[in-house]
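Report on one structure; see the data block that follows.
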Amino acid sequence: MKKLSLILAVIVASVGLAVPSHAIGLRVGPRVGVNVNNLHFDKEVFDKENRTGFTGGLELNLSLPLGFGIDASVMYARRAVDGSFTLGNKETIDGKNLDYISVPINLEWGISLPLINKIVVPYVYVGPDFAFKVSKDDISQAWNDHKVDVAMDFGIGLQFIKHLRVSATYGMGLTKWANWAGVTSTSEDLTARTSCWTITAAWLF
């Protein structure tokens with residue numbers, strides 16, 4: 001984990017030193033959104049049954065030549081985990097809310113379209129997301145929670161009038177969020193990873 005963070009920091013610093021200052025654009029602003037189970041292109045995406053949490057924080061965007069850019073955010077995220085499991089037929093453990101400080105770092109590419117690029121610019125991005133758990137541990141030791149979750153983000157977005165950015169991100173969980181030992185009567189061990197869609201809006205200055 002530390003090695004990966006160091007490598008990313010070196011890459012960002014190297015790019016910044018290699019690109020002339022006049023070609024770099026640095027913007028920052030607030031970002032808010034919701035986590036959802038399934039991505040719908042209609043109002044159902046915000047239905048209560050589909051929402052699994054919310055997020056909010058600060059986004060920093062570094063634009064580079066040829067439409068490329070580096071986007072990083074520091075976000076507070078609450079994720080709701082549903083489920084009910086019986087530990088050795090004696091103790092039932094229900095789903096709970098998990099609170100994180102999430103730090104996604106993405107490499108993005110904006111698709112410049114003639115005539116309308118001053119109004120709207122579509123973009124795609126990919127990168128790691130480091131989520132540091134800040135919520136308290138469950139009382140039961142059956143939740144063998146990890147302090148840090150790592151996901152790989154894949155996303156698409158639209159930038160309007162150079163300030164408003166609306167995006168949809170799929171975070172594919174890479175680390176095991178929890179291990180349950182002896183959850184069933186057959187003492188079968190279960191594991192889980194957190195993967196979900198996140199829809200956000202940001203206003204960059």
Side-chain angles (χ1 to χ4, degrees), residues 1-36 39-41 45 53-77 79 100-132 148-175 193-205:
M1 186 74 63
K2 292 182 178 180
K3 290 183 178 179
L4 181 57
S5 301
L6 181 59
I7 292 172
L8 289 171
V10 171
I11 292 173
V12 172
S14 300
V15 171
L17 292 174
V19 178
S21 59
H22 66 271
I24 296 178
L26 183 62
R27 299 178 298 160
V28 65
R31 182 183 182 187
V32 296
V34 295
N35 301 322
V36 297
L39 185 64
H40 303 284
F41 292 96
V45 71
F54 59 88
T55 185
L58 196 64
E59 178 176 351
L60 184 147
N61 184 271
L62 179 68
S63 59
L64 304 173
L66 303 178
F68 289 97
I70 297 174
D71 192 89
S73 300
V74 178
M75 309 288 289
Y76 167 80
R79 301 172 183 172
Y100 291 89
I101 297 298
S102 177
V103 183
I105 304 173
N106 295 312
L107 175 65
E108 68 176 43
W109 179 58
I111 306 169
S112 181
L113 302 174
L115 302 179
I116 66 169
N117 59 357
K118 291 185 178 181
I119 301 174
V120 59
V121 176
Y123 60 93
V124 295
Y125 55 92
V126 62
D129 186 334
F130 305 93
F132 303 88
V148 181
D149 283 343
V150 181
M152 181 59 69
D153 287 347
F154 304 89
I156 57 174
L158 293 173
Q159 178 175 278
F160 299 93
I161 59 175
K162 297 183 178 182
H163 293 285
L164 176 63
R165 291 164 59 91
V166 180
S167 62
T169 306
Y170 178 71
M172 182 177 67
L174 301 179
T175 53
R193 291 179 172 84
T194 53
S195 298
C196 68
W197 285 93
T198 304
I199 302 173
T200 61
W203 184 272
L204 302 185
F205 298 94

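Positions are given from 1, in the same order as the sequence printed here.
- Formation of a donor-acceptor pair under 3.5 Å by the N106 side chain with backbone atoms of G127 is found in this model.
- No donor-acceptor contact under 3.5 angstrom links the side chains of Y125 and D71, judged on distance only.
- We find the OH-CG distance between Y170 and D153 to be 10.5 Å, quoted to the nearest 0.5 Å.
- One distance of note links OG of S102 with CZ of F132; it measures 9.0 Å at 0.5 Å rounding.
- The structure places CG of N35 at 10.0 Å from OG1 of T169, a figure rounded to the nearest 0.5 Å.
- Residues passing the ring pair (Phe, Tyr, Trp, His ring centres under 6.0 Å) test with F154, sequence neighbours excluded: none.
- Of the inter-residue distances, the one linking I105 atom CD1 with L60 atom CG reads 11.0 Å to the nearest 0.5 angstrom.
- Using the six-membered ring where Trp is involved, Y76 and F54 have ring planes that are tilted, between 30° and 60° apart.
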Using residues 25-34 as the side-chain source, report each donor-acceptor pair under 3.5 Å to any protein atom, sequence neighbours left out, with the distance given to one decimal.
unit_1	atom_1	unit_2	atom_2	d
R27	NH1	K162	O	2.4
R27	NH2	Q159	OE1	2.8
R31	NE	T200	OG1	3.1
R31	NH1	S73	OG	2.9
R31	NH2	T200	OG1	3.3

Please tabulate, for side-chain N and O atoms in residues 111-118, each donor-acceptor pair with protein atoms closer than 3.5 Å (sequence neighbours left out).
unit_1	atom_1	unit_2	atom_2	d
S112	OG	N117	ND2	3.1

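- Summarising the geometry of D149 relative to T175, their closest heavy-atom pair is CA-OG1, 3.4 Å, with the distance given to 0.1 Å.
- The minimum heavy-atom distance between Y123 and S167, with the atom names listed, is OH-CB, 3.7 Å.
- Taking all atoms of both residues into account, the shortest heavy-atom contact from A202 to E59 is CB-OE1, 3.0 Å.
- Residue L107 comes nearest to G69 through the heavy atom pair CD1-O, 3.4 Å, listed as atom of the first residue, atom of the second, then distance.
- Residues G171 and A151 come closest through the heavy atom pair C-CB, 4.3 Å.
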